Trainee: 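Sharing a structure below in structure tokens format, with a few things to ask.
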Amino acid sequence: MIVALKANVSKERKHQLIEWLESMGLTVHVSEGMYQTVLGLVGDTNKVDMDLVASLDIVDTVKRVSEPFKCCNRKFHPEDTVVEIGDVKIGSGHFCMIAGPCSVESEEQIVGIAKAVKASGANMLRGGAFKPRTSPYDFQGLKATGLELLKIARRETGLPIVTEIMSVTDLPLFDDVDVLQVGARNMQNFDLLQELGRLHKPILLKRGLANTLKELLMSAEYIMANGNEQIILCERGIRTFDDYTRNTLDLAAVPMLHELTHLPVIVDPSHATGIARLVPPMALAAAAGGADGLIIEVHNDPLHALCDGAQSLRPEEYDVLAGRIRAVREAVR
């Protein structure tokens, strides 16, 4: 249920209404807009007398929300959420470039790539330390050692680090990680999502291989319902009948998600296509389509990469693409 208050309601009257609603066992999410305050009621709202609430002199409108996702619903929170990681902002016009290798392989590799992508304008460094792979015989990542190498790269460049967490048991290792990524295969790992909801740390949530937008938002809801509202959604392609690309990039998901939710939405053209030469056109399309950022794989030696070399750009290719992305964003602004 959504309760929109009239303009210029005093803090005291607003607080009294919130306390009364909370006394019914409801959780009240407050969204303070420039001209209006919106109260999002989560819980068993059947016990709330809509007519009684609507009759209050400080209330403008009362509506029931039919969608199962509440906390991340734009109706509950009309203003865009801006996720902040240090000096980096994502959402509501703040565009973020995240770049780096699929997996951390060595100190020289990750530090070198970090310096290169930062020089090209990247805001954050991505790199996998724990790698979920389809085959148990493929490189699984350097794990804890990889996390330490990412921290060295952060120290050398100042770039916040983004890396994937696969298990609740690994959480203590991620205390000093800036953004925790939930990969496509873990999008519906609800135990993990609930634990991440208890953190005060940004979460990058990727859409699953064959999941709907509603399912993606319900996964975000698991995190938000447990108290963490710092979520970045990521469209990374879904599995279809096409066999020319690794996945099918659903660019329509970007404007659709912006209608449905206040959370920022970024795009991963690397995993979506699986082919390096297709990454630039899809990255440009995502930027033109209103994405709040891009996460792109960059490797100094793709031919010898231990993971996903075929979809990785070289640093010099990323530099050219970053310039073109800036031009596209300027053109559509």
Side-chain angles (χ1 to χ4, degrees), residues 85 87-91 93-106 108-128 150 153-154 156-163 179 181 204 206 232 234-237 244-251 254 264-333:
I85 305 100
D87 295 331
V88 180
K89 295 181 179 181
I90 307 176
H94 300 282
F95 191 83
C96 180
M97 292 282 283
I98 307 169
C102 177
S103 62
V104 180
E105 299 171 7
S106 68
E108 180 183 9
Q109 174 239 22
I110 192 63
V111 171
I113 294 173
K115 290 180 177 179
V117 298
K118 181 180 181 180
S120 298
N123 309 104
M124 291 197 282
L125 173 67
R126 63 145 294 150
L150 281 168
R154 178 178 61 190
E156 291 283 332
T157 62
L159 291 176
I161 54 178
V162 182
T163 192
V179 180
Q181 175 183 307
L204 194 161
K206 286 195 167 188
I232 305 158
C234 181
E235 166 57 39
R236 46 81 67 210
Y244 278 94
T245 55
R246 182 174 180 176
N247 294 288
T248 298
L249 178 55
D250 183 9
L251 283 177
V254 176
V265 182
I266 70 170
V267 171
D268 178 350
S270 302
H271 281 90
T273 64
I275 303 170
R277 69 177 182 276
L278 299 182
V279 171
M282 292 298 94
L284 295 171
D292 296 302
L294 293 162
I295 179 167
I296 297 174
E297 292 192 0
V298 180
H299 198 286
N300 58 323
D301 187 8
L303 287 176
H304 297 98
L306 297 179
C307 180
D308 287 345
Q311 65 195 36
S312 300
L313 300 182
R314 294 180 179 275
E316 58 270 23
E317 294 172 325
Y318 179 75
D319 186 61
V320 172
L321 175 58
R324 295 177 67 193
I325 289 168
R326 287 190 288 270
V328 165
R329 293 198 68 246
E330 188 62 36
V332 298
R333 185 170 295 166

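Quantities reported herein were computed from a predicted structural model and do not represent experimental measurements.
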Trainee: Is there a donor-acceptor contact under 3.5 Å from the side chain of Asp292 to the main chain of Ile266?
Mentor: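 Answer holds: no.
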
Trainee: Rounded to the nearest 0.5 Å, what separates atom CG in Leu125 from atom CZ in Arg154?
Mentor: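 These two atoms lie 10.0 Å from each other.
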
Trainee: Quick one: closest heavy-atom pair of His299 and Ser312, and the distance?
Mentor: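 Looking at all heavy atoms of both residues, the closest pair is CB-CB, 3.8 Å.
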
Trainee: Restricting to non-hydrogen atoms, name the atom on Arg329 and the atom on Ala287 that form the minimum distance, rounded to 0.1 Å.
Mentor: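 Closest heavy-atom pair between Arg329 and Ala287: CG-CB, 4.1 Å.
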
Trainee: Work out which heavy atom in Cys307 is nearest to a heavy atom in Cys102; give both atom names and the distance.
Mentor: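 Scanning both residues, the minimum pair turns out to be SG-SG, 2.8 Å.
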
Trainee: Rounded at 0.5 Å granularity, tell me how far CD1 in Ile325 sits from CG in Leu294.
Mentor: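 Answer rounded to 0.5 Å: 5.0 Å.
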
Trainee: If you measure from CD1 on Ile110 to CZ on Arg126, what distance do you get to the nearest 0.5 Å?
Mentor: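 Reported value, rounded in 0.5 Å steps: 9.0 Å.
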
Trainee: Would you say that Val162 contacts Ile85 through its side chain, given a criterion of any heavy-atom pair below 4.5 Å between the two side chains?
Mentor: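 Not in contact.
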
Trainee: Do Cys234 and Ile295 have side chains that approach each other closer than 4.5 Å (heavy atoms only, starting at C-beta)?
Mentor: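 SC-SC contact between Cys234 and Ile295 confirmed.
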
Trainee: Between Arg236 (side chain only) and Val267 (backbone N and O only), is there a donor and an acceptor less than 3.5 Å apart?
Mentor: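 Not a single qualifying donor-acceptor pair exists.
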
Trainee: Between Lys118 and Thr157, is there a donor-acceptor pair closer than 3.5 Å when you use the side chain of the first and the backbone of the second?
Mentor: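 Here the side-chain-to-backbone pair exists.
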
Trainee: Looking at CD of Glu235 and CG of Asn247, how far apart are the two atoms once the value is rounded to the nearest 0.5 Å?
Mentor: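 So the gap between those two atoms works out to 9.0 Å.
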
Trainee: Ignoring hydrogens and geometry, is there a side-chain-to-backbone donor-acceptor pair from Thr163 to Gly127 under 3.5 Å?
Mentor: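 Such a contact is found between Thr163 side chain and Gly127 backbone.
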
Trainee: Just verifying a value: how many Å separate Glu316 CD and Asn300 CG, rounded to the nearest 0.5 Å?
Mentor: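 Between Glu316 CD and Asn300 CG, I get 9.5 Å after rounding to 0.5 Å.
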
Trainee: Please determine whether side chain to side chain contact (heavy atoms under 4.5 Å, CB included) holds for the pair Met124 and Cys96, giving the CA-CA distance in whole Å, both sets of side-chain angles, and the decisive distance to 0.1 Å.
Mentor: CA-CA 8 Å; Met124 291 197 282; Cys96 180; 3.5 Å; yes

Trainee: Compare every heavy atom of Leu306 with every heavy atom of Glu105, then report the nearest pair and how far apart it is.
Mentor: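 Looks like OE2-N, 2.9 Å.
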
Trainee: Would Val179 and Ile98 count as a side chain to side chain contact (heavy atoms under 4.5 Å, CB included) if you check the C-alpha gap in whole Å, the side-chain angles of each, and the deciding distance to 0.1 Å?
Mentor: CA-CA 11 Å; Val179 180; Ile98 307 169; over 6 Å; no

Trainee: Looking only at heavy atoms, which two atoms of Ala283 and Ile296 are closest? And how far apart?
Mentor: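 What the structure gives for the nearest pair is CB-CD1, 4.2 Å.
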
Trainee: Can you find a heavy atom in the side chain of Pro269 that is under 4.5 Å from one in the side chain of Leu278?
Mentor: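 No, side chains not in contact.
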
Trainee: Kindly say whether Tyr318 contributes a backbone atom to a donor-acceptor pair with the side chain of Ser120 at under 3.5 angstrom?
Mentor: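 Looks like no, no N/O pair under 3.5 Å.
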
Trainee: Check Val88 against Pro160 and note the closest heavy-atom contact, atom names and distance.
Mentor: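 Answer, listing the atom of Val88 first, then Pro160: CG2-CG, 4.2 Å.
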
Trainee: With heavy-atom distances below 4.5 Å as the criterion, would you say the side chains of Glu297 and His271 are in contact?
Mentor: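 Result yes, sub-4.5 Å side-chain heavy-atom pair found.
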
Trainee: Do Asn123 and Ile90 make a side-chain contact, defined as non-hydrogen atoms from C-beta onward lying under 4.5 Å apart?
Mentor: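 A side-chain contact is absent here, since even the closest heavy-atom pair is not under 4.5 Å.
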
Trainee: For Glu317 and Arg314, indicate whether the former's side chain and the latter's backbone hold a donor-acceptor pair under 3.5 Å.
Mentor: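 Checking the backbone N and O of Arg314 against the side chain of Glu317, a donor-acceptor pair under 3.5 Å is found.
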
Trainee: Strictly distance-based, threshold 3.5 Å: is any side-chain N or O of Gln109 a donor or acceptor partner for the main-chain N or O of Ser103?
Mentor: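 Yes: the side chain of Gln109 pairs with the backbone of Ser103.
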
Trainee: State the CG-CE distance between Leu249 and Met282, to the nearest 0.5 angstrom.
Mentor: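 Output value for this atom pair is 6.5 Å.
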
